[in-house]
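Given the structure is predicted, the values throughout are model-derived calculations rather than measurements. Protein chains get the first letters and strands the later ones, always in sequence-line order, with residue 1 at the start of each. Values below: all heavy atoms of this structure, side chains included; hydrogens, waters and symmetry mates excluded.
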Amino acid sequence: MPELPEIEIVKRSLFKMINKAKIIDIKINNKNLRYKIPNTFSKNLIGEKILRISRRSKYLIFHFKKKLLLAHLGMSGKLLLMRSCDNTIFKTSFYYDLNILRNHNHIYFILNNGLVLIYNDVRRFGFFKLYNTTQLNKIIFLKKLGLEPFNRTFGVKYFKKFVQNRKKNIKNLLMDQTFVSGLGNIYVNEALYMSKIKPLRICKSLNKNEMKNLIFNIKKILKFSISKGGSSVRDFQNTLGKSGTFQQFFHVYGQKNKNCSRISCKGKIKKITISNRSSFYCNRCQI
DNA sequence: TTCTTTGTTCCGGA
DNA sequence: GTCCGGAACAAAGA
């Protein structure tokens with residue numbers, strides 16, 4: 001379930017291993033990802049050198065001389081690197097001890113540095129889209145996004161202005177990618193717990209201190225998770241097949257019926273559904 | 001067999 | 001026109 005920290009981890013491991021590599025071949029096993037991969041995809045990418053890899057929200061961007069490749073991992077997408085052995089790479093010479101089903105390997109990018117970048121996605125909700133431009137502001141997916149959480153402008157002033165006349169609850173506001181981009185269900189639940197705010201609170205009702213604290217905690221929790229290699233709940237693994245450990249630090253997500261981890265609090269963690277998504281909160285310290 | 005899970009888009013109602 | 005949230009999407013595990 002890749003959210004911002006997980007994508008950041010993937011970006012960093014990719015950068016180390018394949019930045020400046022050239023794509024020399026592409027094999028597509030399944031075109032039917034969230035958007036169908038066009039027939040021209042391989043032809044337009046073969047021969048291109050990866051000049052830079054960046055991240056915006058939960059999107060990965062591969063930069064080429066005159067093109068951009070936008071990638072989204074959806075819910076279960078994984079990018080894996082494998083070492084190729086000469087000319088038999090598609091038969092037997094991939095080696096991996098990961099618990100990953102090979103028939104969910106949808107795309108193989110063969111690189112000139114002896115590595116193969118594999119896109120694996122059980123649910124096929126992820127996508128790749130190639131653009132004939134190097135300008136990020138031409139990409140509609142990115143244009144719609146709100147501020148990055150680490151942006152300095154993401155503060156109380158921005159929050160106040162955005163929630164004016166809004167009736168949304170705070171959980172849904174934080175999930176709204178046009179408000180702040182990169183958070184998903186896990187980090188929203190955890191950030192609200194840290195901030196002692198109940199997920200059902202109407203966003204307008206937060207006072208200035210609560211807003212300030214919540215914004216601070218969002219930045220803090222994302223940074224901490226990145227430092228732990230992200231969370232490995234269900235499907236997430238980084239590009240080298242390593243799992244993150246942030247899930248060891250969850251206080252509410254998946255903790256239904258457990259005692260609140262705040263020493264002075266005698267509350268219990270409740271699970272409710274908000275907009276078809278599970279929400280977890282302490283019934284005592286989150287107000 | 002049914003429910004749950006994930007992020008995003010689409011669509012209908014207020 | 002704007003805002004909001006439910007449904008849909010794929011697939012697997014409980």
For residues 194-204 of chain A, which side-chain N or O atoms pair as donor and acceptor with protein atoms under 3.5 Å away, sequence neighbours left out?
residue: S195(A); atom: OG; partner: A191(A); partner atom: O; Å: 2.7
residue: S195(A); atom: OG; partner: N217(A); partner atom: ND2; Å: 2.9
residue: R201(A); atom: NE; partner: S205(A); partner atom: OG; Å: 2.9
residue: R201(A); atom: NH1; partner: E210(A); partner atom: OE2; Å: 3.3
residue: R201(A); atom: NH1; partner: I287(A); partner atom: O; Å: 2.7
residue: R201(A); atom: NH2; partner: S205(A); partner atom: O; Å: 3.3
residue: R201(A); atom: NH2; partner: E210(A); partner atom: OE1; Å: 2.7
residue: R201(A); atom: NH2; partner: E210(A); partner atom: OE2; Å: 3.4

Once base and sugar-phosphate atoms are separated, protein heavy atoms under 4.0 Å mark nucleotides 5-10 of chain C, 5' to 3', with B, S and - as SSBBBB
Take atom CZ of R34(A) and atom C1' of dA11(C), then tell me their distance rounded to the nearest Å.
16 Å
Before we go on, tell me: are the rings of F109(A) and F128(A) under 6.0 Å apart, centre to centre?
yes
Closest approach to the side chain of H104(A), judged atom by atom: which nucleotide of dT8(B), dT9(B), dA12(C) is it?
dA12(C)
Atom NZ of K129(A) and atom P of dT8(B): how far apart are they, to the nearest Å?
15 Å
Taking the side chain as every heavy atom from C-beta outward, state whether L73(A) and F127(A) have any atom pair closer than 4.5 Å.
no
Residue mapping more 5' on DNA chain C - nearest nucleotide basis, N165(A) or N30(A):
N165(A)
Taking atom P of dA11(C) as reference, at what distance in whole Å does atom CG of D121(A) sit?
9 Å
What does K271(A) touch in the nucleic acid at a heavy-atom separation under 4.0 angstrom: a base, only the sugar-phosphate, or nothing?
sugar-phosphate
Nearest whole angstrom, please: distance from the P of dC4(C) to the CG of L200(A).
15 Å
Between dT8(B) atom P and L70(A) atom CG, what is the distance in whole Å?
11 Å
Find the distance I7(A):CD1 to dT8(B):C1' and express it as a whole number of Å.
14 Å
Winner on side-chain proximity to S278(A), out of dT4(B), dC3(C), dG7(B), is dT4(B)
Between N120(A) (CG) and dA12(C) (P), how many Å, whole number?
11 Å
Are any of the side-chain nitrogens in E6(A) or K78(A) under 4.0 Å away from the carboxylate oxygens of its partner?
no
Taking OP1 and OP2 of dC4(C), is either one under 4.0 Å from a side-chain nitrogen or oxygen of R166(A)?
yes
Count the heavy atoms of every other residue, nucleotide or ligand shown that sit under 6.0 Å from CZ of F15(A), and state whether that count exceeds 12.
no
Whole Å only: how far is the NE2 atom of H72(A) from the P atom of dG7(B)?
9 Å
In terms of side-chain geometry, is the basic nitrogen of E48(A) or K67(A) positioned less than 4.0 Å from the acidic oxygen of its partner?
yes
Is N185(A) touching bases, backbone alone, or none of the nucleic acid, heavy atoms closer than 4.0 Å?
sugar-phosphate
NZ of K258(A) to NZ of K256(A), rounded to nearest 0.5 Å, is 12.5 Å
